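Along the sequence shown, residues carry numbers from 1. No experiment lies behind these values; they were computed from the predicted model shown.
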Amino acid sequence: MLRPAHPRSRPRLGGLGSVCLALLASCATVSLDDPDRELAAAEAALAAREPGRALAVLQKHDVQSFPSRLRDRFDHLRIQAHAEAGDPDAAFTVAETFADRHPHSDLRPQIGERIWQLAVAVLARDGGLWPFWSDRRSSRTMLEHLITRYPEHVRTADALRQLGDLAYDDRNHALAQERYRDLLRRCPNSEWVKYASFRYAMSLFAGLQGPDYDLDQIEHTRRELEAFLGGKPENPEFVKAAATALQQVIAWQAERHLRVAHFYRTIGNLHGQRLHLEIAAGAPLAGTAAHTRARTELAELPELPTPADPEVPNRTAASEARR
């Protein structure tokens with residue numbers, strides 16, 4: 001069995017080896033007898049628009065080398081230097097853990113603003129290798145980090161609007177609705193409120209699939225479009241798009257009720273047929289082709305027989321209509 005060498009029998013480094021180790025150690029770290037001076041040097045380099053020099057100063061140290069009172073400042077400078085050196089991904093790598101490392105830092109507002117700027121820069125770069133990674137995905141990650149870790153930041157509305165637009169452009173209408181709805185709920189005084197109201201209603205509309213879709217969702221979409229138009233929006237393009245969508249939704253709504261009436265006719269339920277013909281022929285759905293057809297069919301429909309107990313068929317028709 002091999003025995004470990006006795007400590008005294010281990011090879012000893014000569015004088016040159018000891019000198020080399022000492023030099024490597026001195027290159028790996030710089031004395032922090034004056035940590036404020038090191039940070040001031042990095043700040044001076046950034047002020048002189050020399051982020052590379054600032055990084056050279058900062059990368060000689062680890063955050064743990066600084067006293068607690070200066071660690072958030074150190075990380076902030078690292079983020080700034082990477083960002084100004086044109087490396088938003090490296091900047092976000094540091095920024096992503098800032099809220100956990102320094103939850104009570106006075107620099108949180110600046111970090112939130114920097115994350116917003118990084119997300120915008122990465123989105124503008126618009127590169128990537130789909131499906132492995134993309135700048136759109138990276139930007140979305142940064143924006144999601146901003147709204148979750150800095151929920152009270154002034155850029156929250158901007159981030160939610162951008163996240164909604166990204167989802168809308170990707171045809172993820174359910175996620176787009178969630179983002180725009182969050183903006184309306186969390187930032188009611190934002191300048192993006194009217195825009196979010198429009199986009200929320202239009203994302204609902206985009207998610208519909210004609211008159212065969214869920215009637216409740218069609219009615220919900222109609223209410224949101226009417227609410228947006230009722231707010232007297234000033235953007236003529238938004239007004240035109242919403243008005244066109246509303247007319248289509250009303251047409252689908254009338255067609256849907258007409259189809260339900262035809263279903264009741266097929267199964268011989270005169271009460272259900274009349275109920276949905278009356279809805280399709282009503283004033284709220286006027287101006288549609290289905291409305292005209294429903295009025296004609298309603299006029300040709302025979303009168304309902306008078307039941308012994310009028311409450312029974314009425315309840316039956318109403319119950320079947322809900323199905």
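Of the charged side-chain nitrogens involved, none lies within less than 4.0 Å of a carboxylate oxygen, so that Arg137 and Asp170 do not count as a salt-bridged pair. A salt bridge links Asp36 with Arg69: the closest approach of a Lys/Arg side-chain nitrogen to an acidic carboxylate oxygen falls below 4.0 angstrom. For Glu255 and Arg293, the salt-bridge test passes: some basic side-chain N is under 4.0 Å from an acidic carboxylate O. By the 4.0 Å N-to-carboxylate-O rule, Arg179 lies close enough to Glu144 to be salt-bridged with it. Using a cutoff of 4.0 Å between basic side-chain nitrogens and carboxylate oxygens, Asp100 and Arg149 are scored as salt-bridged.
Counting heavy atoms from C-beta on, the side chains of Leu123 and Leu166 come closer than 4.5 Å. Side-chain contact check for Asn189 versus Val193: every heavy-atom pair is 4.5 Å or farther apart. Counting heavy atoms from C-beta outward, Leu277 and Arg274 have side chains that stay 4.5 Å or more apart. The side-chain heavy atoms of Tyr180 and Leu160, taken from C-beta on, include no pair separated by under 4.5 Å. When side chains are defined from C-beta on, Leu58 counts as touching Leu39, because their heavy atoms get closer than 4.5 Å. Counting heavy atoms from C-beta outward, Asp72 and Arg101 have side chains that stay 4.5 Å or more apart. Using a 4.5 Å heavy-atom threshold, the side chains of Glu113 and His153 count as touching. A heavy-atom distance below 4.5 Å is found between the side chains of Met202 and Tyr168.
Nearest approach of Ala91 to Ala83, heavy atoms of both residues: CB-N, 3.8 Å. Residues Ala42 and Ala54 come closest through the heavy atom pair O-CB, 3.6 Å. The two residues Pro151 and Thr156 make their nearest non-hydrogen contact at O-OG1, 3.1 Å. Taking each heavy atom of Val94 and Arg78 in turn, the nearest pair found is CG2-NH2, 3.7 Å. In this structure, Leu229 and Val239 approach most closely via the heavy-atom pair CD2-O, 3.9 Å. The two residues Arg155 and Asp158 make their nearest non-hydrogen contact at NH1-OD2, 3.0 Å.
Within 6.0 Å of CZ on Arg295 lie no more than 12 heavy atoms contributed by other residues, nucleotides or ligands. Atom CZ of Arg259 has more than 12 heavy atoms from other residues, nucleotides or ligands within 6.0 Å. Atom CG of Asp106 is surrounded by 12 or fewer heavy atoms from other residues, nucleotides or ligands within 6.0 Å.
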* Asked: side-chain contact (heavy atoms from CB on, under 4.5 Å) between Tyr264 and Leu270: does it pass, once the steps are laid out?
  -> CA-CA 7 Å; Tyr264 281 128; Leu270 188 60; over 6 Å; no
* Can Arg125 and Val122 be said to form a side-chain contact (heavy atoms from CB on, under 4.5 Å), step by step? -> CA-CA 5 Å; Arg125 192 171 61 187; Val122 169; 3.9 Å; yes
* Report the C-alpha separation of Leu107 and His102 in whole Å, then their side-chain angles, then the decisive distance to 0.1 Å, and conclude whether the side-chain contact (heavy atoms from CB on, under 4.5 Å) test is met. => CA-CA 9 Å; Leu107 295 173; His102 320 291; over 6 Å; no
* Give the C-alpha distance, both sets of side-chain angles, the deciding distance and a yes or no for side-chain contact (heavy atoms from CB on, under 4.5 Å) between Arg185 and Arg181. => CA-CA 6 Å; Arg185 177 178 57 85; Arg181 187 169 56 242; 5.5 Å; no
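Both Tyr195 and Val120 belong to a single network of hydrophobic side chains, linked directly or stepwise wherever heavy atoms of I, L, V, M, F, W or Y lie under 4.5 Å apart. Hydrophobic clustering (ILVMFWY, side-chain heavy atoms < 4.5 Å, transitive): Leu70 and Val57 are in distinct clusters.
Not less than 6.0 angstrom separates the ring centroid of His61 from the ring centroid of Phe74. Residues Phe92 and His145 place their aromatic rings such that the two centres sit under 6.0 Å apart.
Atom CG of Leu183 and atom CZ of Arg199 lie 12.5 Å apart (nearest 0.5 Å). From Met142, atom CE reaches atom CD of Gln162 across 13.0 Å, with rounding to the nearest 0.5 Å. To the nearest 0.5 Å, the span separating CZ on Arg256 from CD1 on Ile218 amounts to 6.5 Å. Remark: Thr292 OG1 to Leu258 CG distance equals 10.5 Å, nearest 0.5 Å. The structure places CD of Glu96 at 13.0 Å from CD1 of Ile111, a figure rounded to the nearest 0.5 Å. Separation of atoms CG (Leu118) and CG (Leu146) is listed at 10.5 Å; rounding is to 0.5 Å.
Just one residue in the list Phe198, Phe228, Trp252 forms a ring pair (Phe, Tyr, Trp, His ring centres under 6.0 Å) with Phe205, and that residue is Trp252.
Judged by distance alone, the side chains of Gln110 and His76 never bring a donor and an acceptor atom under 3.5 Å apart.
At distances below 3.5 Å, not a single donor-acceptor pair connects side-chain atoms of Ser139 with backbone N or O atoms of Asp135. With hydrogens and angles ignored, the 3.5 Å screen pairs no side-chain donor or acceptor of Arg161 with any backbone N or O of Ala196. A side-chain donor-acceptor contact under 3.5 Å links Gln177 to the backbone of Ser203.
Residue pairs meeting the side-chain hydrogen bond (donor to acceptor under 3.5 Å, both in side chains) criterion with at least one member in residues 226-239, sequence neighbours excluded, are Arg222-Glu226.
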